[in-house]
Number of protein chains: 2
Amino acid sequence: MTRSTLDRRAAQKAERRSTIVDAARDLIEERGGPTFGVDELAARADVSRRTVFNHFPSLDDLFLTVCEDALAVVVDDFLARIARTPLGDGGRSAMFDEIAAAMHDADLPAAIATILRILGGPSPADERKAPLTDAAFSRVTERLLAEVLRRHPAADVLEAELLVESLMGGIVVISRHWVERTGGRLDAAARATWQDLLARLIANVRNGYLPAAP
Amino acid sequence: MTRSTLDRRAAQKAERRSTIVDAARDLIEERGGPTFGVDELAARADVSRRTVFNHFPSLDDLFLTVCEDALAVVVDDFLARIARTPLGDGGRSAMFDEIAAAMHDADLPAAIATILRILGGPSPADERKAPLTDAAFSRVTERLLAEVLRRHPAADVLEAELLVESLMGGIVVISRHWVERTGGRLDAAARATWQDLLARLIANVRNGYLPAAP
DNA sequence: TGCATTGAGTGCAAGGTTGCACCTAGTGTA
DNA sequence: TACACTAGGTGCAACCTTGCACTCAATGCA
């Protein structure tokens, strides 16, 4: 009754893949950034150098995966916060309120700092890795949208997409500003800066998305 | 500086092999004997049924390997006892004495009981497995001979072989008798029976191998 | 006796991993 | 500028594992 039908190959391949990802994460933690080569990574993962490229078309893809894995815990927390709030009526205001509240509560600065650590600091020498940040946030956006639609099956899909895109796109924008200003620090001042930026974002989106308060 | 040159393939293959052996040992422990099929073993080892036969030409070979692994600890103890005794002059008497002493001290009944458990009890239904017992003892003989020759580089090789063969062959003989009489028990009475048989063996070999005492 | 069933063992093709040779772009240096 | 060197990435053949279909011998049963 083991997973005989479910192809043991798939499980083993996934295990190899996560072995590589784990090794990369560990090395990043130790070095404070992705400052290592394929050979070193392969040796750490006890895997052939060739196998690394069999699983990931490039190192950037691997780093992106590490990013997403590291972000996953924060995203899970973020979505859990939304899930814990009572269900609204599926209207614009209900969806907006629950997302905004979760954004206030979730430790997004920590998540962003994680990305920065992975991608090499607030002022990375090579800008090639900027798209990775976008890609990481893009996955978060997808998950958030899915959660919102799950919670509000009757909601207008287009409106939900616009809302989530606006908010998450804004998060990317204010993340960059926040990194510029604070360097990704996690002290009280930096967190205050984040709250300021977040407040401006939410106010902006509310103004454009929700009807003006009477 | 990892084992890059030493072919990672060999290491991985060895690991797979020991995974299978471990699974077999565990199953034997649980069932009290090798009362399981290839499919169950493969599932337990999380390995393809085909892979089992890629590593072992038959289940008997696998059982033999489990035997040897289980025996290894006792054999190590046995050889360690010999190694701890002071080096003699390399003559017949010196070699005989140190082996005989180790045989007295080592817990051979436990080793034999282990084999019995693995091979299915003192009165196995199928006699096909009898050769496995001989094979297991044969490996022990090889190791003992190597150890003796290592300790006595100047010894006559033929005489050392004859001595070890005689003693170990005798061990096989009295093991069978011991199992017949005691069923492989490990209580005081059974151990006394073992000591009786062993004394007769050693006396026999001494009479034939060493010159009569003056 | 005839027949179905079970379990050991094999042949084979498909797919994953590995080592090696190789290509290429970027970088340091004379 | 020319050259060497490093490091990411690819092509390829060899090897290992796996699932599947198959054979064969033993056992159980009508």
Side-chain angles (χ1 to χ4, degrees), chain A residues 1-21 23-24 27-28 31 33-66 119-120 124-129 131-132, chain B residues 1-21 23-24 27-28 31 33-66 119-120 124-129 131-132:
Chain A
M1 193 52 66
T2 52
R3 58 179 189 286
S4 43
T5 309
L6 298 179
D7 224 1
R8 181 182 289 109
R9 278 207 163 89
Q12 290 178 344
K13 188 169 183 178
E15 193 181 335
R16 275 269 158 77
R17 185 186 160 101
S18 73
T19 297
I20 297 173
V21 174
L27 277 174
I28 288 174
R31 307 291 170 82
T35 61
F36 49 87
V38 188
D39 296 279
E40 196 171 358
L41 170 65
R44 179 64 160 259
D46 197 30
V47 143
S48 166
R49 158 197 169 80
R50 194 66 185 76
T51 302
V52 174
F53 290 107
N54 284 345
H55 283 274
F56 301 94
S58 72
L59 284 190
D60 279 355
D61 288 81
L62 172 58
F63 291 148
L64 175 57
T65 300
V66 176
L119 296 185
D126 55 333
E127 293 295 334
R128 285 185 312 116
K129 284 166 183 167
L132 293 186
Chain B
M1 194 52 67
T2 51
R3 57 177 190 285
S4 43
T5 309
L6 298 179
D7 224 2
R8 182 181 288 109
R9 278 207 162 90
Q12 290 179 344
K13 189 169 183 178
E15 193 181 334
R16 274 273 158 74
R17 184 186 160 99
S18 73
T19 296
I20 297 172
V21 174
L27 276 174
I28 288 173
R31 308 290 171 81
T35 60
F36 49 86
V38 188
D39 296 280
E40 195 170 1
L41 169 65
R44 180 63 159 261
D46 198 29
V47 143
S48 167
R49 159 197 170 78
R50 194 65 184 77
T51 303
V52 174
F53 290 106
N54 285 345
H55 284 274
F56 301 93
S58 71
L59 285 190
D60 279 356
D61 288 81
L62 172 58
F63 292 148
L64 175 56
T65 300
V66 175
L119 295 185
D126 54 333
E127 292 296 332
R128 286 185 311 117
K129 284 166 185 167
L132 294 185

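In what follows, chains carry the letters A, B, and so on, assigned in the order in which the sequence lines appear, proteins first and then strands, with residues in each chain numbered from 1.
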*To the nearest Å, how far apart are A:N54 CG and D:dT10 P?*
10 Å
*Starting from P on C:dG7, measure out to CZ on B:R50 and report it in whole angstrom.*
19 Å
*Starting at atom CZ of A:F36, determine the distance to atom C1' of D:dG8, rounded to an integer number of angstrom.*
13 Å
*Figure out the CZ/C1' separation between B:R17 and D:dT17, and round it to whole Å.*
16 Å
Each nucleotide N or O in nucleotides 25-29 of chain D that has a protein N or O under 3.5 Å away: list the pair and distance.
none

*asked:* Tell me the interatomic distance from A:R49, atom CZ, to C:dG19, atom P, rounded to whole angstroms.
replied: 12 Å
*Can you measure from CZ (A:R16) to NZ (A:K13) and round to the nearest 0.5 angstrom?*
11.5 Å
*asked:* Are A:F56 and A:V21 packed together at the side-chain level, in the sense that at least one heavy-atom pair is separated by less than 4.5 angstrom?
replied: yes
*For D:dG19, does either OP1 or OP2 sit under 4.0 Å from a side-chain N or O belonging to B:S48?*
yes
*Compare every heavy atom of A:A24 with every heavy atom of A:F36, then report the nearest pair and how far apart it is.*
CZ-O, 4.0 Å
*Within the structure shown, what part of the strands sits under 4.0 Å from A:R16 by heavy-atom distance: base, sugar-phosphate, or nothing?*
sugar-phosphate
*Nearest whole angstrom, please: distance from the P of C:dT6 to the CG of B:L59.*
18 Å
_Would you say B:Q12 places a side-chain N or O within less than 4.0 Å of OP1 or OP2 belonging to D:dT17?_
no
*Taking CG from A:L41 and P from D:dA7, how many angstroms apart are they, rounded to a whole number?*
14 Å
*Point-to-point distance, once rounded to the nearest 0.5 Å, from OG1 of B:T51 to CZ of B:R17*: 13.5 Å
*Do you know the tightest heavy-atom contact between B:A42 and B:S48?*
CB-C, 4.0 Å
*asked:* Would you say B:H55 places a side-chain N or O within less than 4.0 Å of OP1 or OP2 belonging to D:dC16?
replied: no
*How many angstroms lie between atom CG of B:D61 and atom OG1 of B:T65, to the nearest 0.5 angstrom?*
6.5 Å
*Applying side chain to side chain contact (heavy atoms under 4.5 Å, CB included) between A:R44 and each of A:D39, A:T19, A:I20, A:L27, report the one that passes.*
A:L27
*Contact class for A:D39 (heavy atom, under 4.0 Å): base, sugar-phosphate, or nothing?*
nothing
*State which of D:dA14, C:dA8, D:dT17 makes the closest approach to the side chain of B:V38.*
C:dA8
*Please state how far atom CZ in B:F53 lies from atom P in D:dT23, giving the value in whole angstrom units.*
17 Å
